[in-house]
Structures are given as C-alpha cells and as structure tokens.
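In what follows, a structure is listed as structure tokens, so that the remarks can point back to it.
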2 protein chains.
Amino acid sequence: MSPRKFFHPDAAELTLHRILFALSDPTRLAVVADLKDGTEHASGNLLADSVPRSTMTHHLKILREAGVTRTRPEGMRCLISLRREDVDARFPGLLDAIMRHGNADEPPMATTRTTMR
Amino acid sequence: MSPRKFFHPDAAELTLHRILFALSDPTRLAVVADLKDGTEHASGNLLADSVPRSTMTHHLKILREAGVTRTRPEGMRCLISLRREDVDARFPGLLDAIMRHGNADEPPMATTRTTMR
DNA sequence: GATAATGTACGTTCTTCGTCGTACATCGTA
DNA sequence: TACGATGTACGACGAAGAACGTACATTATC
C-alpha cells in the first residue's frame, strides 16, 4: 500500500487571495488559532467535538492546498502544523496580524450551519 | 429625492473573517491596491476598462460592507477610500501586510471569467 | 488475518459567489 | 424638463463552497 500522500503547494506558488480565502472562514480561523503555538496537532483533536470528521477533512484540505498548513501522516493519525516560515517569507506580517487577533469574533459554533460566509 | 445612502458597518463591528473574505478575490485585491495611496478614487476609474460597471458595483459593495472601504457620493460619482484607521485599529498590521505585497499574483484579468476562486 | 481507530473519498443538498446584461435611479447641465 | 453621465437593482446563469452521512482506505494491534 502506498503511504498516504497530501498535495502541498510550493512556497513560491502561494497566492495572497487563496491564503486569504482559506482564512476567511470562522472554522478555519479557529483551526489556525489552535496551531498558533507552532507545534503539530493531531487533526482529530482540532475542534474535536464541534465539527464532524468529514467536515474537518474538508477544511483542512483547503488550508493545506492554500499553503497555510502542512499535513503529515503519522501512524493512523495526521499531524497538522502551520507553514509559518513559508507564509511569512512570502507575505511578511500577514499571519502575525491575523493570529494576533486570535479568533475572538465568530466562534466556530457547534452544529449550526454557517449561513454567512 | 433622498441622497444616495450606503451602509457602512461600525468600526467595532468589523470581523476578521469578513474582511479576509472581502480581500480573497483578485479583483477586490486590485481595487484595494489602487486605494493604497490613501486618497479617494472615483469608482469609475477603478479598474476602469477591465470590469463592467455592474460587476464593479458588486465588488465595491462587498468591500464596503466588510468595512474595508468607504463610499461617498459626490455629484454623479462615488468616491471610494480605504477605512485604514478603522481596520488598523481593530486588526493592526493586517492591511500593511496585505498591501505590502501589492497584487502581484493573479492580476484582475480583463474579461476572463475567473473560474478559480 | 480480523478488528478497532482514524481519516479520506464521494455523493447530496443547499447556499453563496462571480459575472454580466438590462432596466431603473440619481445627479449635473443644457 | 430633457439629456447624458454615472452608478445601482435585479435577475440569470454557471461554478464553487459548506455541511454532512456513508462507504472505503490506511494503520496499529490483537
């Protein structure tokens, strides 16, 4: 069996509007806030009880494909981390400005379908 | 006749994910890049020939309702400007980080329907 | 190999977005 | 008041997003 593989864009391919789009969703903003400490987090622990697994997979894919996060398989789980260096190199100060705020507004809100994007 | 009126959110109501969403589109990013100098720009001059008027109205509405720009009617035209102080106050460094980059990636591209959001 | 744990793929449904044309409204001026 | 200039409202269309359940895949362990 081939090990699980995940597409990650090269650092040079990151585009501003894609990154901003990835961060324009409250759930994904909350994920990124969790990753703020720079360590790897098991995907199963992110917003664990408020979001179904398949939904979380969806959001993590968008973050990953925008180049905001890195996903690394480890045993049965996936470890997620911020691609801080890459994003910082291309868009200095962007993550700082966004994460300084945390995710005070619009908490991910449990099971309510987010009608406002 | 009542003068034209435009809804602008209060500075305190700005939310991060709405601002990021407003800036997650190449066309709107290009508009903001034009406004970088801090002066008022007639809406008709923004990306003048590359975007139809009704489309520009749409984008300006999203920027305005996210609190990124201010729209002020002046005679027959509308003058658009950045709400720099308000955004900076709430999300310090955000606009700087975004506008430092300009809009190098993904130019607004004339008439091509942007399939990739 | 069988099983449980974890995560992905896929399909569905509903909503929103981006684009634009056309019709209407507003404003200044002749 | 009529006209031209400018901008909005509205509707249409195709595309994408967000949410989720279910089925499948991968991994470690028994």
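Because the structure is a prediction, the values reported are computed rather than measured. In what follows, chains are A, B, ... by sequence order, proteins preceding strands, each numbered from 1.
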To the nearest Å, give me how far apart [atom1] ([X]) and [atom2] ([N]) are.
| X | N | atom1 | atom2 | answer |
| --- | --- | --- | --- | --- |
| B/Arg53 | D/dA5 | CZ | P | 10 Å |
| A/His17 | D/dG17 | NE2 | P | 10 Å |
| B/Phe6 | C/dT26 | CZ | C1' | 10 Å |
| A/Leu47 | D/dA18 | CG | C1' | 15 Å |
| B/Asp49 | D/dT6 | CG | P | 12 Å |
| A/Glu74 | D/dT26 | CD | P | 18 Å |
| A/Asp25 | D/dA16 | CG | C1' | 14 Å |
| B/Phe7 | D/dA9 | CZ | P | 14 Å |

**Prompt:** Cationic tip of B/Arg70 within the cone over B/Phe6's six-membered ring, i.e. under 6.0 Å and within 45° of the normal?
**Reply:**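 The answer is no; the distance or angle limit is not met.
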For [N], does either OP1 or OP2 sit under 4.0 Å from a side-chain N or O belonging to [X]?
| X | N | value |
| --- | --- | --- |
| A/Thr55 | D/dA18 | no |
| A/Arg28 | D/dA18 | yes |
| B/Ser54 | C/dC20 | no |

**Message:** Please determine whether the number of non-hydrogen atoms from other residues, nucleotides or ligands lying under 6.0 Å from atom CZ of B/Arg77 exceeds 12.
**Reply:**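 It does not: B/Arg77 CZ has 12 such atoms or fewer within range.
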**Asked** Which of these passes side chain to side chain contact (heavy atoms under 4.5 Å, CB included) with B/Leu82: B/Val68, B/Thr39, B/Asp34?
**Response**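 For B/Leu82, the side chain to side chain contact (heavy atoms under 4.5 Å, CB included) test succeeds with only one of B/Val68, B/Thr39, B/Asp34, which is B/Val68.
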**Request:** Taking salt bridge (charged side-chain N to carboxylate O under 4.0 Å, His left out) as the test, write out the residues that go with B/Glu13, two or more places apart.
**Result:** none
**Item:** Result of checking A/Arg90, A/Arg83, A/Arg84 against A/Asp86 for salt bridge (Lys or Arg N to Asp or Glu O under 4.0 Å)
**Value:**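 Per the salt bridge (Lys or Arg N to Asp or Glu O under 4.0 Å) rule, the option paired with A/Asp86 is A/Arg83, out of A/Arg90, A/Arg83, A/Arg84.
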Between [options], which one does the side chain of [X] approach most closely?
| X | options | answer |
| --- | --- | --- |
| A/Thr57 | C/dG18, C/dT8, D/dG7 | C/dT8 |
| A/Arg77 | D/dA18, C/dT6, C/dC20 | C/dT6 |
| B/Phe21 | C/dC17, C/dG7, C/dC20 | C/dC17 |
| B/Met76 | D/dG7, D/dA18, D/dG4 | D/dG4 |
| B/His58 | C/dT19, D/dG7, C/dT8 | C/dT19 |

**Message:** Expected output is a numbered-order residue list: members of residues 59-67 of chain A with a heavy atom under 4.0 Å from any atom of DNA chain D. What is it?
**Reply:** A/His59, A/Ile62
**Prompt:** Hey, are the side chains of B/Lys36 and B/Leu95 touching, using non-hydrogen atoms and a 4.5 Å cut-off?
**Reply:**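 No, side chains not in contact.
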**Item:** Any residue meeting side-chain hydrogen bond (donor to acceptor under 3.5 Å, both in side chains) with A/Thr57, in chain and number order, not counting sequence neighbours
**Value:** none
